> 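Please see the structure below; I have some questions.
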Protein chains: 2
Amino acid sequence: MMRVIEMLSERKRAILKAIVSDYIQRAEPVGSRTLARRYNLGISPATIRNEMADLDEMGYLEQPHTSAGRIPSYKGYRYYVDSLMEAEKLSPADEERLSRILQQRLSKIDAVFNEATRVLSEVSQYVSLIMTPIFGQQVFQQLRLVPLDSQFVVVLMVTDTGLVQNRVMEIPSGISAAELDQIADVFTKHLKGMPLENLNSTFLQELYSVFSRRNKALQVFLADLIAGFPYGEGEKVYLGGTTNILRQPEFHDVEKVRSLLQVLEEKDHLCRLLLDMASEDIAIKIGEENRCLQMKDCSIVAASYEINGRRMGTIGVLGPTRMDYARVVSVVEYMQKLLSKTLGEFLF
Amino acid sequence: MMRVIEMLSERKRAILKAIVSDYIQRAEPVGSRTLARRYNLGISPATIRNEMADLDEMGYLEQPHTSAGRIPSYKGYRYYVDSLMEAEKLSPADEERLSRILQQRLSKIDAVFNEATRVLSEVSQYVSLIMTPIFGQQVFQQLRLVPLDSQFVVVLMVTDTGLVQNRVMEIPSGISAAELDQIADVFTKHLKGMPLENLNSTFLQELYSVFSRRNKALQVFLADLIAGFPYGEGEKVYLGGTTNILRQPEFHDVEKVRSLLQVLEEKDHLCRLLLDMASEDIAIKIGEENRCLQMKDCSIVAASYEINGRRMGTIGVLGPTRMDYARVVSVVEYMQKLLSKTLGEFLF
DNA sequence: ATTAGCACTCTCTCCCAAAGAGTGCTAACA
DNA sequence: TGTTAGCACTCTTTGGGAGAGAGTGCTAAT
């Protein structure tokens, strides 16, 4: 996405910056008098008024009603984010809180995501989103069939990033352990190196031909195995800190809260949302830029984490358009690095 | 818990029942005149007023203020639930919607719970809670160590109900495949039949002695294996339909919503809550009966599902104290049976 | 180009009055 | 004696100003 940054006079920039900062902090329309009092701009309220009128006309500011102060428009936020905002250094305390996920040595990958989501929302004070590794982008490594007893077998699928999926299946009578090994070998040999997204069921059908057509039990087992093959295992989205959004004054209306939370309950939707934002290094979507009507008053700051240098999933923070972008960007960046590191150590 | 049901005259029962039903339906204090108009009780408002005054004094009813109608008190709801409420038959449409979870033939157990949670909240129109099988109550069956290559091994733990946990570990150099098999055999032999809750790390330490003290690599591997042993793998709680609570008029206050949602975000807390309710067949906790202050205006209807006749986890529906108990009880009972059946087929 | 002054606009809060709903009590009634 | 009609009273809710407060746009002076 190419964005042209309009030229604004240094003074207009200073005023716009002051307005956005002030509004982010106080959530109230800011007027010329207050602005002059609070920020040392060296100009009088009247001058500020004139500049504000200009910025208003240019579309950077809005007025809730004629005689209220100004608030940033979508365009105003965008300009702020693109060219006014100053990077904020995280406090050591926050860094330490975030780092806890790394220190705990959690045994399950699920626990890592859970903890990361919790901490991310806690530190950012907004809603946190974490999408698990994009399954389809991983590469098939091997299939294992581990018989538990004469009746059941565990199907293990291992990917290049070290994720292991398991599933229990029944063994039709008449299939020997050797045959199971043979099946696993054939799958492994044929599929090794394939991205999981390509493993759709029509492709897998081809493997049928490799096996004897005569063995009925084998055919049944294969059909079952293929039908339940863990391709397309959906991405998961972890969601945390939803209650933080209720602290925001713009969400003091229950109906508004409801419609937003409803969207957040649809994991598929969140998934698509985060997937969209995975391309850039750190992506910021402001208000209407989220296609979704219910999220027109929200912004998302997102970044992708990596495992072994490959982009695997996305983390994000969602808040009102009035969110503290500078701070959130720092938090998200920090968490991004942390998660990449933690998961890198976690898997092989 | 032993509850004594006070004797009330038939007429008082009829009036109380009418009041509770009406209030459940309309969420507004109900007065004598309205009650007489809406229900065919065959008595005048004045008489109803007298009875209401009695019920008020006895603690079954409350008045929001002097000149409003009455609303049920906690005691009123309790009486209603224990002795007035009539079982409600689910509509075929609802039964069908609930049954979908069974029909879909979901491949992962996680997907079953997800879907069940979604449907349960959808049909009940309240918040749904589902707790996964209580891990500690399951019984250890076997441990498997499946080497993936020379460097990594998958640790598989299988329980009697057919749940399989996996975990990837590094193999210290100097441990052979045969040794891995031997380790797995020892674990399996010693632990088979043990409930998982007993497998704490001090118990597992004893297994050390079985192995050669001389092999350093083996010792390291064992320590690692024991440290990461999946005992105490916490129960998970699935939560669905939280937005439904926002539809309830009693939650039109954002602060109230926030404090409730905050509690619902603490999975540990929910877990304990559901665990508490697992003893009875179908348990109903009304308002203050939930110890938690933030839930004093909520009720929970819960039931446990079974796998092979053993109580494994709990499902529940949470709504305002004013919830439609009759309907919710039917829904929960239906889902309980459904889930027991589905999971029974799912596992072995 | 900047600023002070001023009339004007719009919201928010507070207050008060009227309407509405329901109660409790009393007295009449079957 | 239980039931009912009538009535005064209470309490909340709603709607309509009045006044305060904040901010603007415009004009005229610096």
Side-chain angles (χ1 to χ4, degrees), chain A residues 8-16 18-23 25-73 76 249-250 252-253, chain B residues 7-16 18-23 25-73 76 249-250 252-254:
Chain A
L8 290 182
S9 73
E10 212 39 59
R11 194 166 71 183
K12 280 199 173 54
R13 286 168 55 87
I15 290 175
L16 182 54
I19 293 174
V20 178
S21 307
D22 199 80
Y23 186 64
Q25 218 188 324
R26 311 192 187 238
E28 262 162 34
V30 21
S32 53
R33 193 179 309 269
T34 345
L35 204 64
R37 211 181 325 113
R38 281 210 269 263
Y39 299 83
N40 255 346
L41 298 169
I43 43 179
S44 76
T47 313
I48 295 178
R49 272 206 291 284
N50 289 327
E51 295 286 38
M52 279 167 108
D54 289 354
L55 287 167
D56 194 324
E57 206 171 343
M58 296 165 83
Y60 292 102
L61 298 177
E62 285 175 357
Q63 274 183 299
H65 54 86
T66 339
S67 75
R70 302 301 211 288
I71 61 173
S73 66
E250 36 267 89
H252 269 350
D253 170 41
Chain B
M7 281 303 287
L8 290 181
S9 73
E10 212 39 60
R11 195 168 69 183
K12 278 201 176 51
R13 286 170 53 87
I15 289 176
L16 182 54
I19 293 174
V20 178
S21 307
D22 199 80
Y23 186 63
Q25 219 187 321
R26 312 193 186 236
E28 261 160 37
V30 22
S32 55
R33 194 180 306 270
T34 345
L35 204 64
R37 211 179 326 113
R38 282 210 268 264
Y39 299 81
N40 256 346
L41 297 170
I43 43 179
S44 76
T47 314
I48 294 178
R49 271 206 291 284
N50 289 328
E51 295 287 37
M52 279 167 107
D54 288 355
L55 287 168
D56 194 325
E57 205 171 346
M58 296 165 83
Y60 293 101
L61 298 178
E62 287 174 356
Q63 273 182 298
H65 54 87
T66 341
S67 74
R70 301 305 211 286
I71 61 175
S73 67
E250 36 268 270
H252 269 350
D253 170 42
V254 176

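Computed from a prediction, not measured in an experiment: that's the story for all the values here. Just so it is clear, the values below take in all heavy atoms, side chains as well, and ignore hydrogens, waters and symmetry mates. So you know, we letter chains A, B, ... as the sequences are listed, proteins then strands, and number each from 1.
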> Any side-chain heavy atom of A:Val20 within less than 4.5 Å of one from A:Leu16?
yes
> May I ask you to verify if any side-chain N or O of B:Thr47 is less than 4.0 angstrom from the OP1 or OP2 atom of D:dT4?
yes
> Can you tell me the distance, in whole Å, between the OH atom of B:Tyr23 and the P atom of C:dA21?
18 Å
> How would you list all residue pairs meeting salt bridge (charged side-chain N to carboxylate O under 4.0 Å, His left out) that involve residues 31-53 of chain A, not counting sequence neighbours?
A:Arg11-A:Glu51, A:Lys12-A:Glu51, A:Asp22-A:Arg38
> Can you list everything that forms a side chain to side chain donor-acceptor pair (under 3.5 Å) with B:Ser67? Sequence neighbours excluded, please.
none
> At under 4.0 Å between heavy atoms, how does the protein contact nucleotides 22-30 of chain D? Give one character per nucleotide, 5' to 3', with B, S or -.
BBBB-----
> How long is the line joining NE2 of A:His65 and P of C:dT9, in whole Å?
15 Å
> With A:Gln63, which residues qualify under side chain to side chain contact (heavy atoms under 4.5 Å, CB included), at least two apart?
A:Asp56, A:Arg70
> Measure from the side-chain N and O atoms of A:Ser73 to the backbone N and O of A:Gly59, and report whether any donor-acceptor pair falls under 3.5 Å.
yes
> Rounded to whole Å, please give me the gap between CZ in A:Arg11 and P in C:dA1.
10 Å
> Pairs under 3.5 angstrom, nitrogen or oxygen only, protein versus nucleotides 15-18 of chain D, please.
none

> Out of curiosity, B:Asn50 CG to B:Met52 CE, how far, rounded to the nearest 0.5 Å?
11.0 Å
> Roughly, in whole Å, what's the span from CZ in B:Arg26 to C1' in C:dA21?
15 Å
> Tell me every residue that passes salt bridge (Lys or Arg N to Asp or Glu O under 4.0 Å) with B:Glu250, counting only those two or more places apart in sequence or in another chain.
B:Arg322
> Could you state the atom-to-atom distance from CD1 of B:Ile15 to C1' of D:dT3 in whole Å?
12 Å
> Answer yes or no: is there a side-chain heavy-atom contact under 4.5 Å between A:Thr47 and A:Leu41?
no
